[in-house]
> 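One structure is given below, represented as structure tokens, and several questions about it will come after.
When reading the values below, keep in mind they use all heavy atoms of this one structure, side chains included, and skip hydrogens, waters and symmetry mates.
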Amino acid sequence: MASAVKTLGLSPPPSYFGLSLEKRVHSRYQIRCSGSRDSSSTAALSSDSVTVNGAVNGVKEERKRAVLDSGNGHLSSGVERQEVDFEQEKLGPLWDDGYGSETVKDYLDYAKDIIKPDGGPPPVVHPNLMWPSFEGFTCSSFLACLGGHAGMDGLGLGLILHHKSLGKVFDVWCMHIPVQDRMPFEELVEWVEETVRAEHSSSRNKPIYLVGDSFGGCLALAVAARNPKIDLVVILANPATSFGRSQLQPFFPLLEAMPDELHTTVPYLLSFVMGDPMKMATVDINRMLPPSRYFEQLAANLTSLLPRLSGLSDIIPKETLLWKLKLLKTAAAYAKSRLHAVKAEVLVLASGKDNMLPSRDEARMLRRRLQNCKVRYFKDNGHTILLEDSVNLLTIIKGTNTYRRTRNHDYVMDFVPLSMSEFEQAVERNGWFRNYAGPAMFSTTEDGKIVRGLSGVPDEGPVLLVGYHMLMGLELSPLVEEFLRVKNVMVRGIAHPTLFSHLVERENEEFSLPDYLRVYGAVPVSASNLFKLLKTKSHVLLYPGGAREALHRKGEEYKLFWPDQPEFVRMAARFGATIVPFGVIGEDDLVELILDYDDLMKIPVWGDRIRSDNKKYEAFNVRAGMSGEVANQALYLPGLLPKIPGRLYYLFGKPIQTKGLEEMLKDREAARKVYLQIKSGVETSMSYLLQKRKEDPYRGVLDRTVFRAFHAPMDQVPTFEP
């Protein structure tokens with residue numbers, strides 16, 4: 001499938017957008033697209049054909065007079081992204097996002113090549129290698145990276161860890177400011193603004209993303225303030241708007257008086273102030289390695305990284321450093337004075353160990369002053385957060401609902417599947433619970449035979465998994481991970497809309513609960529979202545009992561609280577979906593419910609708080625207008641006491657085919673019969689598991705621990721015979 005790469009006219013500034021992903025980066029570049037298999041579709045400007053009229057410090061008008069002509073090889077005021085056909089790649093679950101394949105070592109190697117003189121003035125503009133957009137994302141949104149390593153170097157390499165993943169979803173361009181350039185801040189703003197306006201004029205229905213790292217944050221905010229009518233999404237990583245309150249302010253006057261001979265130590269020292277070398281060195285290390293191999297690789301990475309830092313004195317010469325400090329001061333004042341005019345959607349990433357800027361306090365200020373601003377706080381990261389381990393920018397964009405293809409976010413159509421690196425992080429993060437709960441899963445084949453594993457669940461969608469919602473959703477994580485691991489299937493959960501609201505977001509965390517839900521593909525419960533999921537042939541996880549089941553009272557474990565309306569059955573029949581009822585047990589083996597809703601409401605202060613919170617949640621009540629227990633959707637945190645763990649058991653029942661049962665769309669009674677069949681299937685599955693678990697010799701955690709001690713990590717812990 002082909003997609004077009006649009007033409008974008010740019011007046012050539014001293015900054016240029018683009019970054020070659022070749023290992024060897026020169027100051028004269030090829031302009032090409034890597035997504036095409038047809039070499040004839042590659043438009044290239046070779047190192048022999050690109051020259052720029054005017055000196056590096058030439059005036060603005062001289063740069064505008066540069067022209068690109070195939071005959072004389074000069075760079076024009078319009079650099080074109082050639083019209084190229086891409087063979088699109090559809091991203092499926094566990095796609096390779098390339099995170100960790102390039103590190104700070106590559107950053108320093110690239111930087112050394114970029115700044116090398118080649119006998120002529122530097123190039124002005126060149127585009128990034130275009131990664132092919134995938135099916136469902138036929139027109140990638142434009143993303144420009146502004147700023148670099150603490151905003152000091154301006155090389156355009158600040159997203160080097162993230163280029164491959166972002167390039168699958170966005171049309172990524174990067175800004176580079178040559179080392180010798182001295183363009184004033186307002187002119188830089190104008191150059192970026194011209195790029196943004198040109199892109200907007202060619203794609204008015206798509207948002208434009210500006211990623212501003214440190215100094216680039218000031219630049220992005222300035223452009224947003226001057227263009228309130230353009231749909232901009234601004235992502236700020238420790239923005240330098242707080243430069244006037246920098247912890248290093250007392251030392252800046254000393255830099256000018258420092259002898260040139262000592263300047264070589266300044267960038268080296270700044271590298272330790274601005275970032276955490278340990279976090280930079282662990283980017284490409286698999287955390288699942290044995291400790292001996294992990295620390296061996298860490299030592300090797302540090303050994304190869306530290307000598308490279310000496311090259312920073314070439315990247316940031318003394319004159320350039322002094323100029324950049326003046327530029328930062330101007331940029332911070334300019335951006336802060338115009339915050340009131342920013343209408344863009346803004347996401348701020350703030351580090352807790354930023355030794356250069358008071359980023360956490362600045363993030364709070366921006367949250368208050370900007371009209372549409374979210375904050376995520378990374379307490380263990382330094383100033384160069386986008387170059388450090390465990391910070392995947394695409395994951396953050398997905399989790400914070402910042403990714404969208406149009407003006408309004410669509411939970412179904414804008415979903416980007418879980419990547420392999422995201423899955424590996426989740427497995428590492430949830431490993432303790434898997435060992436604690438020891439999930440054992442069974443399914444039922446078409447002939448009614450119960451087998452261990454998920455072979456009885458159809459691989460092809462649409463599939464609707466309908467089951468019992470355990471206390472606090474304890475069953476969710478193992479279920480979703482097992483479908484990914486065994487079937488490479490992304491299960492899309494239907495969740496309570498409150499879980500996606502600002503009421504439960506925690507800005508003092510790296511990732512809040514809503515962020516994790518969005519990354520894993522959960523969507524707020526609604527008829528339209530279920531319609532879209534089934535239409536796109538997804539595997540959908542539905543709990544008719546909802547919050548009432550997940551927050552049940554004492555003595556109500558394994559009791560269903562389902563509504564009377566069989567609407568999801570009729571929706572499934574419309575798309576010929578396969579319905580798989582399932583039961584899950586084990587909560588009584590993991591935790592003891594000591595304080596339920598009734599208990600908490602009797603506590604004066606706590607009960608008042610629950611009432612107050614649920615008044616805020618009324619706008620998200622999905623059972624409004626219903627009667628009976630199913631309508632009691634009060635949200636609260638129950639009091640739980642962990643037990644010496646037993647085990648979680650899942651049984652997916654015999655699939656129910658709705659293809660050919662279109663009469664249910666009009667016949668409510670027929671739909672009701674299928675609905676009762678599904679409900680009975682869930683109850684039967686739980687009854688079966690409650691009996692069979694008594695036969696499991698590995699029901700207790702101690703027995704499972706002993707088994708793992710004498711077997712390979714990937715060996716499946718045995719259980720009862722079905």
> Within the structure provided, determine whether Val211 and Leu146 are in side-chain contact (heavy-atom separation under 4.5 Å).
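No, every pair of side-chain atoms sits at 4.5 Å or beyond.
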> How about Ser101 and Lys164: does a side-chain donor come under 3.5 Å of a side-chain acceptor?
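Short answer, yes.
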> For Ser246 and Met356, which heavy atoms make the closest approach, and how far apart are they?
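Looking at all heavy atoms of both residues, the closest pair is OG-O, 2.5 Å.
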> Nearest 0.5 angstrom please: His200 NE2 to Asn205 CG, how far?
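Going from NE2 on His200 over to CG on Asn205, the span is 9.0 Å.
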> Of all residues at least two apart in sequence or in a different chain, which pass the side-chain contact (heavy atoms from CB on, under 4.5 Å) check with Asn372?
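Expected list: Glu345.
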> Hey, are the side chains of Glu481 and Asn430 touching, using non-hydrogen atoms and a 4.5 Å cut-off?
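SC-SC contact between Glu481 and Asn430 confirmed.
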> Please name all residues satisfying side-chain contact (heavy atoms from CB on, under 4.5 Å) with Ser421, sequence neighbours left out, ordered by chain then number.
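Applying side-chain contact (heavy atoms from CB on, under 4.5 Å) to Ser421 gives Asp97, Tyr99, Asn392, Ser419.
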> Does a donor on one side chain sit under 3.5 Å from an acceptor on the other, for Asn614 and Tyr636?
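No, Tyr636 and Asn614 have no side-chain donor paired with an acceptor closer than 3.5 Å.
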> CD1/Ile235 to SG/Cys145 distance, rounded to the nearest 0.5 angstrom?
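Going from CD1 on Ile235 over to SG on Cys145, the span is 10.5 Å.
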> Quick one: do Tyr377 and Arg360 satisfy side chain to side chain contact (heavy atoms under 4.5 Å, CB included)? Show the steps, please.
CA-CA 7 Å; Tyr377 175 60; Arg360 182 174 186 178; 3.2 Å; yes
> Considering only NZ, NE, NH1 and NH2 on the basic side and carboxylate oxygens on the acidic side, decide whether Glu510 and Lys379 come within less than 4.0 Å.
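Salt bridge between Glu510 and Lys379, a charged N being under 4.0 Å from a carboxylate O: no.
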> Between Ser612 and Arg609, is there a donor-acceptor pair closer than 3.5 Å when you use the side chain of the first and the backbone of the second?
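Between the backbone of Arg609 and the side chain of Ser612 there is no qualifying donor-acceptor contact (under 3.5 Å).
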> Provide the closest heavy-atom pair for Val196 versus Ile208 in the form atom of the first, atom of the second, distance.
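Taking every non-hydrogen atom into account, O-CD1, 3.5 Å.
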> Could you walk me through whether Arg405 and Asp414 pass the salt bridge (Lys or Arg N to Asp or Glu O under 4.0 Å) check?
CA-CA 7 Å; Arg405 293 185 300 149; Asp414 291 336; 3.3 Å; yes
> For Tyr403 and Tyr209, take the angle between the two ring planes, folded into 0 to 90°, and tell me which bin it lands in: parallel under 30, tilted 30 to 60, perpendicular over 60.
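Parallel, since the angle between the ring planes stays under 30°.
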> Are any non-hydrogen side-chain atoms of Lys168 and Leu91 less than 4.5 angstrom apart?
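Lys168 vs Leu91: side chains touch.
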> Counting C-beta onward and ignoring hydrogens, is there a side-chain heavy-atom pair between Leu143 and Trp173 closer than 4.5 Å?
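Side chain of Leu143 against side chain of Trp173, heavy atoms only: no contact under 4.5 Å found.
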> Are the side chains of Met490 and Tyr520 in touch, meaning some heavy atoms are under 4.5 Å apart?
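The answer is yes, as the side chains (C-beta and beyond) meet within the 4.5 Å cut-off.
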> Do the side-chain N and O atoms of Asn381 and Ser351 include a donor-acceptor pair separated by under 3.5 angstrom?
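On atom types as modelled, these side chains do not qualify, holding no pair under 3.5 Å.
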> Could Arg518 and Phe500 be counted as a cation-pi pair, given that NZ or CZ must be under 6.0 Å from the ring centre and within 45° of the axis?
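No - Arg518 does not lie over the ring of Phe500 by the 6.0 Å and 45° rule.
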> Dump the intermediate steps for side chain to side chain contact (heavy atoms under 4.5 Å, CB included) on Leu533 and Tyr411, then the final yes or no.
CA-CA 10 Å; Leu533 287 172; Tyr411 277 95; over 6 Å; no
> Mind checking side-chain contact (heavy atoms from CB on, under 4.5 Å) for Asn227 and listing every partner two or more places apart, or none if nothing turns up?
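Counting only residues at least two positions away or on another chain, Asn227 forms a side-chain contact (heavy atoms from CB on, under 4.5 Å) with Glu193, Arg197, Val223, Ile230.
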> Check each of Leu387, Leu393, Asp213 against Leu159 using the side-chain contact (heavy atoms from CB on, under 4.5 Å) test, and report the only one that passes.
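Output: one option passes, namely Leu393.
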> Does the side chain of Met472 come within less than 4.5 Å of Leu551's, by heavy atoms?
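Touching, per the 4.5 Å side-chain cut-off.
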> Report the C-alpha distance between Val375 and Arg364 in whole Å, list the side-chain angles of each, state the deciding distance to 0.1 Å, and finish with yes or no for side chain to side chain contact (heavy atoms under 4.5 Å, CB included).
CA-CA 8 Å; Val375 174; Arg364 290 171 176 167; over 6 Å; no
> So which heavy atom on Thr241 is nearest to which on Ala335, and how close?
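What the structure gives for the nearest pair is CG2-CB, 4.0 Å.
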> Under 4.5 Å between any side-chain heavy atoms of Leu349 and Leu347, yes or no?
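Leu349 vs Leu347: side chains touch.
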> Between Val342 and Gln371, is there a side-chain heavy-atom distance shorter than 4.5 Å?
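Gln371 vs Val342: side chains apart.
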> Return the minimal non-hydrogen interatomic distance between Gly399 and Asp515, and the atom names on each side.
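Looking at all heavy atoms of both residues, the closest pair is O-OD1, 2.9 Å.
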> Looking at every heavy atom in both Ser165 and Trp95, which two are closest together, and how far apart are they?
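Shortest heavy-atom separation between Ser165 and Trp95 comes out as O-CH2, 4.1 Å.
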> Report yes or no: do His383 and Ser214 form a side-chain donor-acceptor pair below 3.5 Å?
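Per modelled atom types, His383 and Ser214 side chains form a pair under 3.5 Å.
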> Using the rule salt bridge (charged side-chain N to carboxylate O under 4.0 Å, His left out), only one of Arg369, Arg368, Arg245, Arg367 pairs with Glu362; which is it?
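One option only clears the test, and that one is Arg245.
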> Does the pair Asp410 and Lys532 meet the rule for a salt bridge (Lys or Arg N to Asp or Glu O under 4.0 Å), with working shown?
CA-CA 10 Å; Asp410 188 304; Lys532 293 174 187 175; 2.7 Å; yes
> Do Arg338's NZ or CZ and the ring of Tyr334 fall within the cation-pi criteria of under 6.0 Å and 45°?
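Positive - Arg338 is close enough to the ring of Tyr334 and near enough to its axis.
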> Are there over 12 heavy-atom neighbours, none belonging to Trp606, within less than 6.0 Å of that residue's CH2?
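No, not enclosed.
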> Does Arg376 make a cation-pi contact with Phe511, if we ask for NZ or CZ under 6.0 Å from the ring centre and within 45° of the axis?
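Output no; distance or angle outside limits.
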> Passes side chain to side chain contact (heavy atoms under 4.5 Å, CB included), Ile397 versus Phe170? Steps please.
CA-CA 12 Å; Ile397 291 173; Phe170 296 100; 4.3 Å; yes
> Would the number of heavy atoms belonging to other residues, nucleotides or ligands and lying under 6.0 Å from CG of Leu513 be above 12?
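Count over threshold, so yes.
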> Within a radius of less than 6.0 Å around NZ of Lys374, do more than 12 heavy atoms belonging to other residues, nucleotides or ligands occur?
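Counting other residues, nucleotides and ligands, NZ of Lys374 exceeds 12 neighbours.
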> Got a donor-acceptor contact below 3.5 angstrom from the Thr406 side chain to the Asn408 backbone?
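Between the backbone of Asn408 and the side chain of Thr406 there is a qualifying donor-acceptor contact (under 3.5 Å).
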